[in-house]
Number of protein chains: 2
Amino acid sequence: MPTSENGSPPPVYREIAEELREQIRSGRYADGDRLPGENVIMERHGVARATARQALSVLINEGLAVAVRGSGVYVRLFRPIRRHGARRLSRELWGNGRAIWQTDTDGEDRGYDVDRLRVEEGTARDHVARVLGLTEGEGVLLRSRRYLVDGRPVQTALSHLPLALVGDEPRFRDGDTGPGGIYARLAERGLAPARFTEEIRGRMPTPEETEALGLTPGTPVLEVARTALTADHRPVEFNEITMDGSAYVLQYDFEA
Amino acid sequence: MPTSENGSPPPVYREIAEELREQIRSGRYADGDRLPGENVIMERHGVARATARQALSVLINEGLAVAVRGSGVYVRLFRPIRRHGARRLSRELWGNGRAIWQTDTDGEDRGYDVDRLRVEEGTARDHVARVLGLTEGEGVLLRSRRYLVDGRPVQTALSHLPLALVGDEPRFRDGDTGPGGIYARLAERGLAPARFTEEIRGRMPTPEETEALGLTPGTPVLEVARTALTADHRPVEFNEITMDGSAYVLQYDFEA
DNA sequence: CAGTGGTCTAGACCACGAC
DNA sequence: TCGTGGTCTAGACCACTGT
């Protein structure tokens with residue numbers, strides 16, 4: 001039973017953090033506003049530097065604030081991109097603007113870029129091989145890339161395609177895979193994806209992901225593992241997608 | 001440009017953290033194993049206590065380790081529950097009187113419990129009112145609860161039902177809403193949910209959520225906002241679900 | 001340049017768990 | 001009781017931002 005019914009008073013740094021958190025919630029500090037810094041907190045609460053830092057680190061690790069070296073600590077904003085799972089139903093339901101989380105113009109007028117594109121051959125790891133129905137050590141074509149919106153990295157993706165399916169067709173290895181992308185190329189070979197399965201998980205980023213996505217402390221990632229299958233249930237692609245949790249809202253629509 | 005190409009050497013605490021992280025990855029320390037404590041790190045690396053603590057806090061905030069007071073720091077495990085998006089809500093399931101929660105895992109034998117059940121009337125917040133198509137200040141029935149698996153809290157849910165739809169029918173206010181639950185009761189009133197929309201977001205927990213779910217530092221939550229609509233697009237329920245990110249994998253299946 | 005956050009030291013006392 | 005992690009002090013030097 002961690003942190004349950006605690007008779008003892010909360011530590012000082014938590015009380016300071018709670019005070020600031022409350023002021024953020026109440027609107028006393030708004031998005032992008034500068035919060036009291038270490039020195040101000042030390043003076044106002046009569047605590048040592050480390051204690052003031054610890055209080056601020058609570059808010060930072062909650063994703064409520066970001067520290068900017070040499071400048072200050074600021075309230076953080078949440079203006080996510082909306083990613084639709086199944087597009088089919090979403091239009092009619094959400095064209096009326098009744099989403100829970102407001103998104104920045106729902107994808108209009110943004111600068112989209114792709115970055116760090118890499119294509120190579122390799123062997124699938126255990127769990128990928130299982131998902132794709134491959135035998136141990138069978139080859140896959142790996143396509144990795146990073147996506148940016150308005151210059152900000154928001155997502156990385158690593159796509160796995162069985163070599164047995166793509167052969168040496170150059171289109172699969174090009175940076176530009178042509179109109180319709182990979183899925184259209186698969187369709188031309190009689191391997192059109194008909195169904196998708198997405199598994200989603202939330203976790204803290206690895207240092208590599210922190211670098212690749214430019215994440216600040218207190219930002220989790222959303223990991224989406226997507227499998228594409230043909231109409232006869234043959235897996236043709238497995239895609240590992242890692243998204244900046246502060247940049248995305250995922251949406252899925254489905255029938256009862 | 002945050003933390004980009006950095007010529008300067010990484011701080012000591014990061015190097016210590018990286019060393020431990022690598023040992024965890026390589027299997028040198030497995031799930032549940034005890035990691036070197038503050039004192040060991042101080043001695044081995046010749047650093048002050050605060051520096052050793054900072055190194056450990058990196059791993060803890062990454063969700064790789066948990067600290068247990070008076071005992072030690074341990075490698076953390078990830079054994080999630082699978083939550084199916086579409087399948088679990090199928091008409092067939094709640095038509096048979098099976099509760100949604102029971103289908104939440106892949107049929108394993110686990111101990112399921114519901115806790116902190118609360119039913120009350122209230123008014124919907126702005127964004128909830130918008131989603132449910134309510135006028136300002138219109139009443140809703142609020143049903144909140146906490147779910148536990150094997151005694152461990154893993155999820156909280158807050159369901160909103162427009163009072164105009166549920167009337168004073170007692171079944172909606174009972175702890176046990178009868179076979180098929182809320183959705184079956186709505187169906188009996190000609191308000192059978194036909195479609196669902198789920199919006200998913202990953203973020204760090206609030207202190208309240210940390211308490212309710214017994215979360216350790218470095219654990220994000222998955223927040224699912226679900227709207228249930230009738231066949232003619234009338235919203236009948238809005239449910240705010242918060243899940244322990246270390247306890248769940250969400251799965252959605254859909255067609256191209 | 002002054003002010004900010006980032007790192008680090010060398011202590012101290014406490015609450016808690018395991019033995 | 002002893003070792004553990006949790007909190008806190010009172011300094012220090014550094015890197016960086018802003019003017």
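Chain letters run A, B, ... following the sequence lines, proteins first, then strands; residues in each count from 1. Computed from a predicted structure; not experimentally measured.
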Rounding to a whole Å, what distance do you find between A:R14:CZ and D:dC8:C1'? 14 Å

Nearest whole Å is fine: how far is C:dT4 P from A:Y74 OH? 10 Å

For B:V249 and A:R201, the nearest pair of non-hydrogen atoms, with its separation, is CG2-CB, 4.4 Å

Neighbour count above 12 (heavy atom, 6.0 Å) for B:R173 CZ: yes

Using a cut-off of under 3.5 Å, enumerate the N/O to N/O pairs linking the protein to nucleotides 17-19 of chain C.
{"from": "C:dG17", "atom 1": "O4'", "to": "B:G70", "atom 2": "O", "distance (Å)": "3.4"}

Does some side-chain heavy atom of A:R116 sit less than 4.5 Å from a side-chain heavy atom of A:S144? no

Taking B:T210 for its side chain and B:T206 for its backbone only, find out whether a donor-acceptor pair lies under 3.5 Å. yes

Please give, in whole Å, the distance from C:dC8 C1' to B:I16 CD1? 11 Å

Can you sort out the partners of A:F196 under ring-ring contact (aromatic ring centres under 6.0 Å, His included), two or more places apart, ordered by chain and number? A:Y183, B:F254

Among the nucleotides C:dT7, D:dC8, D:dG5, whichever has the atom closest to the side chain of A:V12 is D:dC8

Checking A:R152 side chain against A:G214 main chain: does a donor-acceptor pair fall under 3.5 Å? no

Whole-Å gap separating C1' (D:dT4) and CD (B:E43): 15 Å

Indicate the atoms forming the closest heavy-atom contact of B:L148 with B:V114, along with that distance. CD1-C, 4.3 Å

On the nucleotide C:dT4, are OP1 or OP2 found under 4.0 Å from the side-chain N or O atoms that A:N39 carries? yes

With sequence neighbours excluded, tell me which residues meet side chain to side chain donor-acceptor pair (under 3.5 Å) with A:E38. A:R49, A:R53

Residues in contact with DNA chain C, drawn from residues 51-65 of chain A - heavy-atom cutoff 4.0 Å: A:R53

Between the side chains of A:R146 and A:D113, is the shortest nitrogen-to-carboxylate-oxygen separation below 4.0 Å, so that they form an ion pair? no

Which nucleotide in C:dG11, D:dA10, C:dT7 has an atom nearest any side-chain atom of A:A48: D:dA10

Distance check: side-chain N/O of B:Y13 vs OP1/OP2 of C:dT7, anything under 4.0 Å? yes

Euclidean distance, atom CZ of residue B:R49 to atom P of D:dG5 [Å, nearest integer]: 8 Å

Picking from C:dA10, D:dG5, C:dG6, which would you name as closest to the side chain of B:E38? D:dG5

Would you indicate what B:A50 reaches in the nucleic acid, counting non-hydrogen atoms under 4.0 angstrom: base, sugar-phosphate, or nothing? base

Which pairs pass salt bridge (charged side-chain N to carboxylate O under 4.0 Å, His left out) with one or both residues in residues 62-78 of chain B, sequence neighbours excluded? B:R21-B:E62

Does any part of the side chain of B:V75, heavy atoms only, come nearer than 4.5 Å to the side chain of B:L64, both counted from C-beta? no

Using a strict heavy-atom distance below 4.0 Å, which residues from residues 17-25 of chain B are in contact with DNA chain D? none

